[in-house]
Amino acid sequence: MPLLFVMNDKAVIRKQILQQRALETPLERSIRAQMITQTLLSLPVYQQAKTVFCYCSTEFELRTDEILAFTLAHGKTLCVPRCEAPGEMTARRIRTLDALCAGRFGIREPDDSAPIVMQGQIDLCIVPCLAADLSGYRLGYGGGYYDRFLARAGNVCKIALCTEDCLRRVPLPREKTDIPCHYILTERQVHKAR
């Protein structure tokens with residue numbers, strides 16, 4: 001069922017989406033994630049990337065474990081986020097999913113011994129979102145972690161994973177610090193940002 005956005009307030013939209021997610025069954029979420037994963041892995045921008053940055057999903061997000069495992073299995077350099085301080089995260093290289101443990105906010109991350117990968121070394125960033133619009137702007141959880149990280153990443157290709165019912169046909173509210181993605185990938189299609 002499509003999610004209706006009744007206001008252009010980020011906090012209100014976040015609340016609506018989180019309520020919608022709570023109604024989704026784990027099976028529905030899993031099917032969507034599998035469809036998105038299959039599409040992502042077939043994209044030339046993913047296949048050509050040597051170093052991939054990808055978020056570690058939580059229980060209510062589109063699962064990325066298959067993306068992480070596939071990236072490692074195919075000899076690419078994989079880095080994932082690690083929260084360092086409020087609002088700040090680094091990309092840390094992992095060589096196995098066993099290197100992940102519960103970190104800040106309960107999100108899986110590597111420990112501080114994992115090597116830092118500088119943003120300039122990353123070819124592709126795969127990021128989460130609660131909602132996205134056709135201009136490539138994403139609505140996150142409000143901490144600004146990804147926008148600060150992506151601002152330092154330069155023109156690296158950025159792909160947000162989003163369910164089709166959370167893709168807005170009208171612009172999301174945005175601020176100067178919001179960083180757009182090049183693509184929004186849903187279970188139905190790949191949307192190139194306009």
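All figures in this text were calculated on a predicted structure; none of them were measured in a lab. Quick note: residue numbers are just sequence positions, from 1.
- Cluster membership check: L78 does not share its hydrophobic cluster with V156, using side-chain heavy-atom separations under 4.5 Å among Ile, Leu, Val, Met, Phe, Trp and Tyr.
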For R174 and L172, what are the C-alpha separation, side-chain angles and deciding distance, and is it a side-chain contact (heavy atoms from CB on, under 4.5 Å)? CA-CA 6 Å; R174 65 182 71 136; L172 281 167; 5.6 Å; no
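- Residues P110 and A114 approach most closely at CB-CB, 3.7 Å, considering heavy atoms.
- No donor-acceptor pair closer than 3.5 Å links the side chain of Y183 to the backbone N or O of H191.
- No donor-acceptor pair closer than 3.5 Å links the side chain of T90 to the backbone N or O of R92.
- Taking every heavy atom of both residues into account, C54 and V80 meet most closely at O-CG1, 3.4 Å.
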Decide side-chain contact (heavy atoms from CB on, under 4.5 Å) for R169 and L167; before the verdict, give the C-alpha distance in whole Å, the side-chain angles of both, and the deciding distance to 0.1 Å. CA-CA 7 Å; R169 307 296 172 184; L167 180 67; 3.8 Å; yes
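- Taking every heavy atom of both residues into account, T39 and V190 meet most closely at CG2-CG2, 3.6 Å.
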Check against salt bridge (charged side-chain N to carboxylate O under 4.0 Å, His left out), D178 and K10: CA-CA 12 Å; D178 291 341; K10 284 184 174 185; 2.9 Å; yes
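- Counting only distance, with no hydrogens or angles, the side chain of R63 and the backbone of S30 share no donor-acceptor pair below 3.5 Å.
- Heavy-atom minimum distance, L130 versus G140: CD1-O, 3.3 Å.
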Verdict with reasoning, R82 to D112, per side-chain contact (heavy atoms from CB on, under 4.5 Å): CA-CA 8 Å; R82 176 179 161 78; D112 63 2; 3.5 Å; yes
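- The neighbour count for E66 CD, taken as heavy atoms of other residues, nucleotides or ligands under 6.0 Å away, does not exceed 12.
- In this structure a side-chain-to-backbone donor-acceptor pair under 3.5 Å is missing from T96 to A99.
- Side-chain atoms of C79 and T51, non-hydrogen and from C-beta on, do get closer than 4.5 Å to each other.
- Minimum heavy-atom separation, C181 to A193: O-CB, 3.3 Å.
- Taking all atoms of both residues into account, the shortest heavy-atom contact from R168 to P173 is NH1-CD, 3.8 Å.
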Could you walk me through whether V127 and R138 satisfy the side-chain contact (heavy atoms from CB on, under 4.5 Å) test, starting with their C-alpha distance in whole Å, then the side-chain angles of each, then the deciding distance to 0.1 Å, before giving a yes or no? CA-CA 9 Å; V127 298; R138 48 178 285 283; 3.8 Å; yes
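- When atom types are taken as modelled, the side chain of T64 and the backbone of I67 share no donor-acceptor pair closer than 3.5 angstrom.
- Proximity of a side-chain donor or acceptor of S135 to a complementary backbone N or O of Y137 within less than 3.5 Å is not detected.
- The salt bridge (charged side-chain N to carboxylate O under 4.0 Å, His left out) with R32 is formed by just one residue from the set E24, E61, E164; it is E24.
- Counting only distance, with no hydrogens or angles, the side chain of D65 and the backbone of L68 share no donor-acceptor pair below 3.5 Å.
- Within the 4.5 Å cutoff, no side-chain heavy atoms of K15 are placed close to those of L18.
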Apply salt bridge (charged side-chain N to carboxylate O under 4.0 Å, His left out) to the pair E59 and R21, showing each step before the final yes or no. CA-CA 10 Å; E59 180 184 358; R21 278 188 178 178; over 6 Å; no
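- With Q38 contributing its side chain and M35 its backbone, the two residues share no donor-acceptor pair below 3.5 Å.
- Cluster annotation: Y55 and I36 are assigned to the same hydrophobic cluster (Ile/Leu/Val/Met/Phe/Trp/Tyr, side-chain heavy-atom contacts under 4.5 Å, transitive).
- More than 12 heavy atoms of other residues, nucleotides or ligands shown are found within 6.0 angstrom of CZ on R148.
- Taking the ring axis of Y46 as reference, the NZ or CZ atom of K76 stays within 45° of it and closer than 6.0 Å to the ring centre.
- K50 contributes no side-chain N or O that, together with a main-chain N or O of Q48, makes up a donor-acceptor pair within less than 3.5 Å.
- Using a 4.5 Å cut-off between side-chain heavy atoms of Ile, Leu, Val, Met, Phe, Trp and Tyr, with links allowed through other members, L124 and L62 fall into the same hydrophobic cluster.
- A donor-acceptor distance shorter than 3.5 angstrom exists from the side chain of D147 to the backbone of I179, with no hydrogens or angles considered.
- Checked against the 6.0 Å centroid threshold, F149 and F53 count as a close aromatic pair.
- To the nearest 0.5 angstrom, L100 atom CG is 12.0 Å from I107 atom CD1.
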